[in-house]
Amino acid sequence: MDSNGLIVSFGEMLIDFVPTVSGVSLAEAPGFLKAPGGAPANVAIAVARLGGKAAFIGKLGEDEFGHMLAGILKENGVSADGIPFDKGARTALAFVTLRADGEREFMFYRNPSADMLLTPDELNLELIRSANVFHYGSISLIVEPCRSAHLKAMQVAKDAGALLSYDPNLRLPLWPSADEAQKQIMSIWDKADVIKISDVELEFLTGNNKIDDASAMSLWHDKLKLLLVTLGEKGCRYYTKNFHGSVDAYHVKAVDTTGAGDSFVGALLCKIVHDHDIIQDEPRLKEVLKFACACGAITTTKKGAIPALPTEKEILTFLGGK
């Protein structure tokens with residue numbers, strides 16, 4: 001197996017505008033701070049911060065924000081060789097608030113944004129072919145031409161022998177309807193080797209509100225190697241062909257849950273990139289998932305996704321104190 005260990009993350013990178021005061025609705029917010037985000041980009045930075053090799057593929061606007069985002073990737077050690085810039089469309093923006101109940105409320109500015117306009121011809125195929133793990137979400141499936149670019153990138157990565165990692169990252173306000181979201185998220189379901197969903201996504205995709213093994217296994221497909229269901233402060237459950245189980249969460253004082261799932265995924269991919277067989281070895285997989293849960297927990301203790309993503313040293317110090 002190729003051990004260059006490159007993890008390529010595909011999809012959207014955008015700017016989240018976060019209220020200067022927490023616990024208010026978007027309308028009540030007195031002001032906003034800009035925070036770089038976008039789940040696939042967060043995953044790439046999470047990997048790099050843990051000492052892994054990461055690249056990001058996605059389109060940005062030929063504007064101040066687009067160049068700022070590309071700069072943030074490079075500062076964090078993520079390759080930006082797969083990023084074209086669009087002269088006609090702006091970099092995507094999202095206004096995100098943490099309401100008083102701790103849940104997030106989103107409002108997106110994408111009509112259309114640059115990330116939606118990535119074409120299959122603009123893909124850096126050489127970069128995709130050199131990926132050991134290829135990671136993606138579902139937001140890039142919402143509209144053409146980005147959808148075709150996504151499908152092509154996935155196929156090229158698979159043909160080159162990459163492990164395909166999928167975190168649907170459901171954002172209902174971006175889809176024309178809930179039915180369309182469910183249909184498109186499931187349209188590429190059986191291509192992935194590793195899938196991570198949240199408890200909320202499990203309910204959405206199965207159409208029932210039971211968070212149990214039967215419900216999770218109803219989403220199993222033959223080629224799947226690992227299905228993960230994250231349960232927030234209840235940790236995560238894992239399912240493979242031969243075994244399943246759960247890993248407890250670490251209790252921390254959560255300030256902002258943004259990016260916790262992305263840092264969990266980044267940590268997991270970082271640990272299995274050189275040895276995909278860890279997935280078949282339950283004791284080793286559990287250790288990796290404990291590390292990933294710790295990474296997710298630490299991320300919730302600081303504001304913003306990217307600033308909160310920990311280094312390996314921080315995680316080991318955190319685990320050492322447990």
Side-chain angles (χ1 to χ4, degrees), residues 1-10 40 43-55 78-79 127-137 153-168 188-198 202 213 216-217 219-231 235-250 261-296 310-313 315-316 319:
M1 185 163 82
D2 184 88
S3 66
N4 70 1
L6 178 65
I7 296 167
V8 173
S9 210
F10 175 93
V43 169
I45 292 176
V47 166
R49 205 159 283 174
L50 292 169
K53 267 180 77 174
V78 175
S79 161
L127 187 60
I128 296 169
R129 288 192 186 104
S130 57
N132 191 298
V133 172
F134 184 72
H135 174 75
Y136 47 89
M154 227 165 58
Q155 194 57 51
V156 168
K158 193 157 190 90
D159 291 347
L163 185 82
L164 297 195
S165 159
Y166 184 23
D167 176 357
I188 58 168
W189 194 259
D190 61 353
K191 297 272 193 287
D193 300 302
V194 174
I195 296 176
K196 175 250 159 199
I197 50 173
S198 67
L202 176 63
D213 294 345
M217 284 308 286
L219 292 173
W220 186 262
H221 70 78
D222 283 350
K223 299 189 210 75
L224 196 54
K225 296 187 167 103
L226 176 64
L227 173 65
L228 295 163
V229 181
T230 54
L231 309 162
C236 80
R237 292 190 183 166
Y238 57 85
Y239 302 87
T240 72
K241 279 192 179 69
N242 304 316
F243 54 80
H244 63 86
S246 63
V247 171
D248 290 335
Y250 295 94
D262 302 328
S263 78
F264 174 92
V265 172
L268 166 77
L269 298 180
C270 227
K271 291 289 178 191
I272 64 172
V273 67
H274 292 293
D275 186 359
H276 299 177
D277 293 339
I278 289 173
I279 293 170
Q280 317 302 336
D281 181 341
E282 192 167 13
R284 284 165 77 204
L285 179 63
K286 272 192 107 140
E287 284 309 304
V288 165
L289 292 174
K290 280 180 192 164
F291 181 85
C293 280
C295 192
T311 61
E312 179 146 40
K313 191 173 168 214
I315 298 174
L316 296 175
L319 288 172

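Positions are given from 1, in the same order as the sequence printed here.
- Considering all non-hydrogen atoms of both residues, Leu202 and Ala216 come closest at CD1-CA, 3.8 Å.
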Derivation and outcome, side chain to side chain contact (heavy atoms under 4.5 Å, CB included), residues Asn132 and Lys53: CA-CA 10 Å; Asn132 191 298; Lys53 267 180 77 174; over 6 Å; no

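- Residues that satisfy the side-chain hydrogen bond (donor to acceptor under 3.5 Å, both in side chains) test with Asp248, not counting sequence neighbours, are absent from this structure.
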Name the atoms and distances for all side-chain donor-acceptor pairs under 3.5 Å in residues 224-231, with sequence neighbours left out.
unit_1: Thr230; atom_1: OG1; unit_2: Ile197; atom_2: O; d: 3.4

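- Between Ile279 and Phe243 the shortest heavy-atom distance is O-CZ, 3.4 Å.
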Audit row: Phe264, Cys295, side chain to side chain contact (heavy atoms under 4.5 Å, CB included) steps and yes/no: CA-CA 6 Å; Phe264 174 92; Cys295 192; over 6 Å; no

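- For the pair Tyr239 and Leu219, the minimum side-chain heavy-atom distance is 4.5 Å or more.
- Atoms CG and CD1, from Asp281 and Ile272 in turn, are 12.5 Å apart once rounded to the nearest 0.5 Å.
- Taken from OH in Tyr250 to CG in Leu319, the straight-line distance is 5.0 Å, to the nearest 0.5 Å.
- The backbone N or O of Pro40 lies less than 3.5 Å from a partner atom in the side chain of Ser9, making a donor-acceptor pair.
- Between Thr311 and Leu50, the shortest heavy-atom contact is C-CD2, 3.7 Å.
- The structure places CG of Leu268 at 10.0 Å from NE2 of His135, a figure rounded to the nearest 0.5 Å.
- How far OG1 of Thr240 is from CH2 of Trp220: 6.0 Å, rounded to the nearest 0.5 Å.
- Considering OG of Ser165 and CZ of Phe134, their distance stands at 10.0 Å, rounded to 0.5 Å.
- The closest side-chain heavy-atom distance from Lys191 to Tyr166 is not below 4.5 Å.
- Summarising the geometry, atom OG belonging to Ser246 is positioned 10.0 Å from atom NE2 belonging to His244; distances are rounded to the nearest 0.5 Å.
- Listed by chain and residue number, Asp193 satisfy the salt bridge (charged side-chain N to carboxylate O under 4.0 Å, His left out) test with Lys158 (two or more places apart in sequence, or in another chain).
- Scored by the salt bridge (charged side-chain N to carboxylate O under 4.0 Å, His left out) test, Asp277 finds no partners at all (sequence neighbours excluded).
- More than 12 heavy atoms of other residues, nucleotides or ligands lie within 6.0 Å of NZ in Lys286, so this atom counts as buried by the packing criterion.
- Under the salt bridge (charged side-chain N to carboxylate O under 4.0 Å, His left out) criterion, Lys271 pairs with Glu312, not counting sequence neighbours.
- Take Glu287 and apply the salt bridge (charged side-chain N to carboxylate O under 4.0 Å, His left out) test, not counting sequence neighbours, and it matches Lys290.
- For Ala294 against Ile315, the heavy-atom pair with the smallest separation is CB-CG2, 3.9 Å.
- Ser130 and Leu6 get closest at one heavy-atom pair: OG-CD2, 3.5 Å.
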Met154 and Phe10: CA distance, side-chain angles, deciding distance, side chain to side chain contact (heavy atoms under 4.5 Å, CB included) verdict: CA-CA 9 Å; Met154 227 165 58; Phe10 175 93; over 6 Å; no

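- Taking 4.5 Å as the limit, some side-chain heavy atom of His276 sits within range of a side-chain heavy atom of Val133.
- Ala131 and Ala162 get closest at one heavy-atom pair: O-CB, 3.4 Å.
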CA sep, side-chain torsions, deciding dist, call: Asp167, Asp262, side chain to side chain contact (heavy atoms under 4.5 Å, CB included): CA-CA 9 Å; Asp167 176 357; Asp262 302 328; 4.2 Å; yes

